Number of protein chains: 2
Amino acid sequence: MFPTSDTDARLVGKLRDRRLRVTPQRIVIHRALCSQARHMTAEQVLASVSDVLPGTSLPTVYSTLELLEELGLVRRVGAGNGAVVFDSRVEPHAHTVCRRCGAIADLEGASAPKNALSMAAATGFAPDHAQLVVWGLCSACAPRTG
Amino acid sequence: MFPTSDTDARLVGKLRDRRLRVTPQRIVIHRALCSQARHMTAEQVLASVSDVLPGTSLPTVYSTLELLEELGLVRRVGAGNGAVVFDSRVEPHAHTVCRRCGAIADLEGASAPKNALSMAAATGFAPDHAQLVVWGLCSACAPRTG
DNA sequence: ATGACTGCAAACTCTTTGCACAACA
DNA sequence: TGTTGTGCAAAGAGTTTGCAGTCAT
């Protein structure tokens, strides 16, 4: 399989560096995360991948997501309510999570996460990532609630 | 059972306001969260409570924690790795989470979470809580890793 | 050719649910 | 005394593990 985009090339490069195999599943799962609306659950990744690669299994999705996280191509985001999604935007940033519909969106302009890294470092902690989550009601859900 | 401290009085007051019953389990679980090292898992709460009230069950712990959260006396904190802890400090604040030992600590001085609330509000989102998590290695674990 | 990766099925953990007994108000 | 809350046991969801066959290198 040839890389058909920068996205693929980045993954293939990282896999080759580590002497790991370039499999269709890895390519397709990575594409799904980069091209679709990000913030996908494992189930959503499977559904998206299954269109292209029927027969792909959930354990493979999980193990591939874990691998992609190790390669620094994906981040695991805990929404706090137990829901876990995977995000191909890897730099520290902020999310809003709707308590009613569960929607997860990026919150732009919050410099907080990056600042927090240096604050944490000042306490003797060795930070490698930070994430800010804001809970509440999204603009679609807020009007219909008391 | 009489309130023996401000902590108890606050819980009892909130329960009475809602016409809910004041039970030993609720008192003891609330005390555990307020007096012990905070950031306890449900299992840790049960262990702590069992010393005082043997026979207390895990389902009761969960349902009580859910109630305390509704009453605004406790916050559920998702560490992102799947671990969930409960925190009796309820205002928005930041945590550090050690990837090696799992230790969770407060990160003081990060004004980020509060700022994020107003940023989110500006986008049409109706925020009610924010939480910042910094992952990395704590000062105890950092030295022994490459 | 050979060793890593995938798919299937089952196990595992954590949390929630249903029902009968106990206890708060 | 009448409900509400608790405890027990079992169910449920999501994720992980083990093993045999397949496929990338």
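First the proteins, then the strands, lettered A, B, ... as listed; each starts at 1. Worth saying up front: this structure is predicted, and the values here are computed from it rather than measured.
Atom CG of A:L65 is separated from atom P of D:dG14 by 15 Å (rounded to the nearest Å). What separates CD of A:E70 from C1' of C:dC5 is a distance of 15 Å, to the nearest Å. The nearest whole Å value for the distance from the CG atom in A:L58 to the P atom in D:dG14 is 10 Å. Atom pair A:L53:CG and D:dT22:P shows a separation of 17 Å (rounding to whole Å applied). Between the CG atom of A:L11 and the P atom of C:dC5 there is a distance of 12 Å, given to the nearest Å. Spacing between atom CD1 of A:I27 and atom C1' of D:dC23 amounts to 15 Å, rounded to whole angstrom units. Rounded to whole angstrom, the span from the CD atom of B:E43 across to the P atom of C:dT16 amounts to 13 Å. A:D17 places its CG atom 16 Å from the C1' atom of D:dT25, with the value rounded to the nearest Å.
The structure places CZ of B:R26 at 14.0 Å from CG of B:D8, a figure rounded to the nearest 0.5 Å.
Considering B:E43, B:R31, B:M40 as possible partners of B:S48, the one that fulfils the side-chain contact (heavy atoms from CB on, under 4.5 Å) test is B:M40.
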Which atom pairs link the protein and nucleotides 2-6 of chain D when you take only N or O atoms and keep those under 3.5 Å?
| residue | atom | partner | partner atom | Å |
| --- | --- | --- | --- | --- |
| D:dG2 | N2 | B:R21 | NH2 | 3.2 |
| D:dT3 | O2 | B:R21 | NH1 | 2.9 |
| D:dT3 | O2 | B:R21 | NH2 | 2.7 |
| D:dT4 | O4' | B:R21 | NE | 3.4 |
| D:dT4 | O4' | B:R21 | NH1 | 3.2 |
| D:dT4 | O4' | B:R21 | NH2 | 3.0 |
| D:dT4 | O2 | B:R21 | NH1 | 2.7 |
| D:dG5 | OP1 | B:R26 | NH1 | 3.1 |
| D:dG5 | OP1 | B:R26 | NH2 | 3.3 |
| D:dG5 | O5' | B:R26 | NH2 | 3.4 |
| D:dT6 | OP1 | B:T23 | OG1 | 2.9 |
| D:dT6 | O3' | B:Q25 | NE2 | 3.0 |

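The pair B:D87-B:R76 does not meet the salt-bridge criterion, since no charged nitrogen lies less than 4.0 angstrom from a carboxylate oxygen. Between B:E108 and B:R89, at least one side-chain nitrogen of the basic residue sits less than 4.0 Å from a carboxylate oxygen of the acidic one, meeting the salt-bridge criterion.
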Apply salt bridge (Lys or Arg N to Asp or Glu O under 4.0 Å) to the pair B:E70 and B:R18, showing each step before the final yes or no. CA-CA 11 Å; B:E70 272 183 48; B:R18 294 222 194 175; 3.5 Å; yes
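In this view, A:H129 and A:R75 satisfy the side chain to side chain donor-acceptor pair (under 3.5 Å) rule, not counting sequence neighbours.
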